[in-house]
Every structure is written in structure tokens, then in C-alpha cells.
Protein chains: 2
Amino acid sequence: MNSSGDGIAQARETGTLGKLMVLLDLVTHADGPLRFTDILALAGQPRGTLHRQLSHLVEEGLLELDGDGRYAPGLRLLDFAARSWARNEFRLIAEPHLAELQQATGETVHLGVLRGQSIIYLDKVDGRQPVRMYSQIGNASPCYCTGVGKAALSLLPADLLADLLADLSFTRFTASTHVSAETLLAEIREIAVEGYAFDREEHEAGIRCVAAPVWSEDRTFIGGISITGPAYRLSMELLRQWAVPVQRAAGRIMEGMRIRLGPRR
Amino acid sequence: MNSSGDGIAQARETGTLGKLMVLLDLVTHADGPLRFTDILALAGQPRGTLHRQLSHLVEEGLLELDGDGRYAPGLRLLDFAARSWARNEFRLIAEPHLAELQQATGETVHLGVLRGQSIIYLDKVDGRQPVRMYSQIGNASPCYCTGVGKAALSLLPADLLADLLADLSFTRFTASTHVSAETLLAEIREIAVEGYAFDREEHEAGIRCVAAPVWSEDRTFIGGISITGPAYRLSMELLRQWAVPVQRAAGRIMEGMRIRLGPRR
DNA sequence: AAATTAAGTTCCAAATAATGGAATAATGGT
DNA sequence: ACCATTATTCCATTATTTGGAACTTAATTT
């Protein structure tokens, strides 16, 4: 979709780790395995430096080098992620409420959190099948054109929101994608009042959603949940009706967090 | 299950990245979030050093620091892994054959590859009657007590196998877990001749499987596929009957790899 | 409430690892 | 066999990391 990092973290690109992460980003966001020369052109590092950096990443299993000398993301990342996901408290607490929402509507339900300028999907409950771990889970999507993203932005204090919007660069995915901070900000203000957000085919044509914000008291998690489906089945009127159950589910998740984590954090 | 890295890669623990990966391993393999002092004790680094290292990992989104000053795996890992998984060629090629095998048997099918001393599960197709078991895409499991693991080991040349066994430390999960290199080696030799492997409740009590080895011609992927299920439903006799279809599916996956990647690599 | 202990953070000279330009080696196409 | 492209190694220079100690903050005890 986009070949360069769309800012999942505000990470500096200096320091040994920072530079290596840029490379990891490059390779994981590419459309396929990259050869040394490809990365050389993209990274703009001297040959010797790049070669050693890639060697280190391969040695650690973060990248893999195939028989044709092409670099691909390493499988060690899967192990890290599986553990990161399996024990995530926010997800564990939200899980039953997502399932309930799916039961009530029959449509796909998502849980996502804001990280940098991206929404990372933490869970998904599909109408037809049980969760397929990485089919969608883990994917980072832009915050400005997703229901969960806009719901999350509506929770930010004005100064943080302003900072985020200032750094944001817009990609037009469909005819209705926001492409300016002004119109986006106007909608976010509305969402903050209403308490729910829509995605009117802004990320993918033919796909609509209604979302409600969710956050943990210590503000570690700022995100949202959504009901998503095809526009032909989900009229805007139906989505408006679903705003209430989505908000209720969001409320129950936050309640669950309070109970689980205790009041004084 | 085990709190220290069980060797998914042979990675050196020197160099800036190596040391940081040790920390990432520590935190992701822990049973829950760790405080600074916990990590200090586990990592054996000087305070100042550790503090900066953790700061860098947090800054890059590889770790997260919650309101109580506890470190947990970062969600950025999910994004990396989602991409690593989504475009993995081996998995993509194997997918239809796994589904077919699941259709034919009705039981859960796994695809795993050997990385270091661990099997990383790349895919899983749930059976018609899902069984609660400890398996998840991305999870690293020991090679010496899983069907896929033993099938993979049977593909290794003698010298590499000897090296791997020499470094292996055994944990007894059930009464039938291999706990010595000798008995394991004997079974692996048998598997190399027969072309399929069993897991006789060696990793999890009440869970059996039959597996067949799968590899890519360039040896980038050495792993296997398996049919897994509860012992009360899967008699050893039934598993023996399934050895043939599993091997056939394995053969078709390897054929798919040859076609997809071309013969001369 | 003050004292005590523990936990977490910052500082900076010394040790170590990363850098990058250039030379060398390997690969692949004709 | 040749040439062009691509990948790897080398090493003096440069930048980053290191780690002991001092310092700040938070928690616990007296």
C-alpha cells in the first residue's frame, strides 16, 4: 500500500538501534524481498555500513537472506509478536465484549489502539470464522481515515492532537478520504461531542464502519472498537443505530480495565 | 513456560543489537510486565547501561512502559510480524494444501519451520471440532517434542544435527517427552527412513500428531506439516493411516515451491 | 512526620563498537 | 572468456555505548 514507514512510532532515526529499525522498516514494508542494492538505494547508507548492519539483523533473525541474496523479514519477529499479542491485557479484557458485539450485529468487529500516527489492530472477530491471527491483526493503518483512528484522535488533548496533525501527511485512498488537517479536525471535534465515529468509505471503497473510543485510565491505550462491513449491507442509517451498542461495548471494556487494573494507577 | 530464550536463533549476544535483543527476549518471554529492577536482576547489566538500553527499546516501540513503570512487549512488533507473515512465500504456497488436508481429516493442521532449536508455527487450520491446545501462529515450540520438530530434524545432515543436539537442553513436558539426545537421535534416524513422525503426547498430555517433513530446495525452509488432535479421537492406528496423506500434502507443497521459485536457485 | 531504605534517573571519562571510503571478490549475462 | 554488475572485506577514523558513582524520587518503616 505505502512503501515507506507511515510513522507507527515517533522514533528517532539516530543511534545504532534507530538506524537498524529504519532498515527493518524498509524491508518489512517493501512489496517483496529486496536485494542488497535495492536497500542501498533506499537507505542511502555507505556500502560497508549497510552490509554490516544487514548482517547483524540477519544474525539476530530479524531479517532473513534467501538463496538469491534477497532480504526478507525474519521469522523471529513472529515469535516476539505472538507473545506480545497473547498476553496483551487490553486485548484480553476486550475479547468477550468484541465477541458479544459481533453476535449482536453479525458483522466484523475490530479493536485498535493508537501508536504514533497509526492504528494498530489488536483483535478482530469475524462473522464467519474464528480469528485468523495475522490476517488483519497487527496491521498498522492510518489514523485519519479509519473509524477507530478518528475515534482515538477525539480522545487526545488539544495540544497533542495539534502536534500529531502537524506531522501528518495524507494519502488519498478513496474519493472521501480526508486530505487536509482542517476538515479532519472539524470532524474530530464533532466526534468528541457525539462519542462515536464513522468511516464513510474513507480507507477502502465499499467499506463502512461505526466506531467508539476506548481508553485505559493511565492513557497507555488510546484506541477504539468498530463494526465494519460492506456499504451495500451497512447503510448509514443502520450504522447510526449501531452507534449505541458500540458505545455500550466500549464502556464495558473500560469498566473491565478499571476492575482488572485497580483504580489507583 | 520457560522464562529464558530457548534458542530460536543462534544469535551472538555481543554487539549493540545483540545485547538489546537479549533484553527484548527477556521481556517478551516473561510471564508478565517486568519492572526495571526485575530486568536488572535477569540481565546482569549495570544500572546506567540497562536504563539507556531500555529507553532506546521503548523509544522504538519495541517495548512499552506502562503507568506503573513496568516494561511489556511493544505493539510495533505486531506490525512487523503481520507483514512478515502476510507475504511469506512458504506459507502462501502451503496454505491451500493445508486446507485440503484439514478437509480430508477434519482435524487441525499445522505448518512449522525450524529456526535455531525451535519450531515456529507459520500457519494453522483449525479442525471442524476445535480442541483447546497450546498452539498459535508465531509461537516457538521445542523441536524435540513436536511432530513437526522431529520431522524437521530428520532432514538435517548428520553434522548439523549433531551440533544442534549438543546444544539442546531438554525440558520434560509429559511422561513421554524425550529427555536425552540418544533416544531422540534414535527416533530421528527412524523418521528419516520412514518419512513421517509422530508426537505421542510428548509436548502436551492428551495431544497426538502425525507429521511429514517439508523443505525448500535452497534449504531456507526446513520444517514440516502435521495433523494434530486429542488422543481419544486420534488412535495411533489412525495416525499411521494418515501418514500417507500428510506426506502427499508435503510433496505437493514442495512441488509448489519448485514451480513458484524456479528450479535453479 | 521524620528517617530509612529502595527504586529509578542522570552524568561523563574510558572502552568499545560503528563508520565509510576504497580495494577485492563473486556473480551473471552475452 | 570477457565485461558489467553486484556483493563482501578491510581498517584507520569517528561516534556511540559503557558503567561506576552521584543524584533524585518514591515507598516503607520508625
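Order of the sequence lines sets the chain letters (A, B, ...), proteins ahead of strands, with each chain counted from 1. Because the structure is predicted, anything quoted here is derived from the model rather than measured.
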Starting from [atom2] on [N], measure out to [atom1] on [X] and report it in whole angstrom.
| X | N | atom1 | atom2 | answer |
| --- | --- | --- | --- | --- |
| E59(B) | dT16(D) | CD | P | 13 Å |
| L23(A) | dT19(C) | CG | C1' | 14 Å |
| M21(B) | dA17(C) | CE | P | 18 Å |
| Q53(A) | dA17(C) | CD | P | 16 Å |
| R70(A) | dG28(C) | CZ | P | 12 Å |
| L54(B) | dG19(D) | CG | C1' | 15 Å |
| L50(A) | dA18(C) | CG | P | 14 Å |
| L17(B) | dT18(D) | CG | P | 12 Å |

Taking distance alone, no hydrogens or angles, what donor-acceptor pairs closer than 3.5 Å link side-chain atoms of residues 36-48 of chain B to residues at least two apart or in another chain?
from: D38(B); atom 1: OD2; to: R35(B); atom 2: N; distance (Å): 2.9
from: Q45(B); atom 1: NE2; to: Q53(B); atom 2: OE1; distance (Å): 3.3

Between the side chain of [X] and the main-chain N/O of [Y], is any donor-acceptor distance below 3.5 Å?
| X | Y | answer |
| --- | --- | --- |
| R91(A) | A86(A) | yes |
| W85(A) | L78(B) | no |
| T28(B) | L24(B) | yes |

> Is there a side-chain polar atom (N or O) of T16(B) under 4.0 Å from OP1 or OP2 of dA18(C)?
Replying inline: yes
> Counting only side-chain N and O atoms of Q45(B), is one of them less than 4.0 Å from OP1 or OP2 of dT17(D)?
Replying inline: no
> Which letters describe nucleotides 5-11 of chain D, given B = protein heavy atom under 4.0 Å from base, S = only from sugar-phosphate, - = neither?
Replying inline: -SBBB--
>> Please evaluate residues R115(A) and E64(B) with respect to the criterion salt bridge (Lys or Arg N to Asp or Glu O under 4.0 Å), reporting the C-alpha separation (whole Å), side-chain torsions for both, the decisive distance (0.1 Å), and the verdict.
In response: CA-CA 11 Å; R115(A) 283 292 177 276; E64(B) 303 199 348; 2.7 Å; yes
>> One pair to check against side-chain contact (heavy atoms from CB on, under 4.5 Å): L164(A) and L160(A). What are the steps and the verdict?
In response: CA-CA 6 Å; L164(A) 193 151; L160(A) 287 181; over 6 Å; no
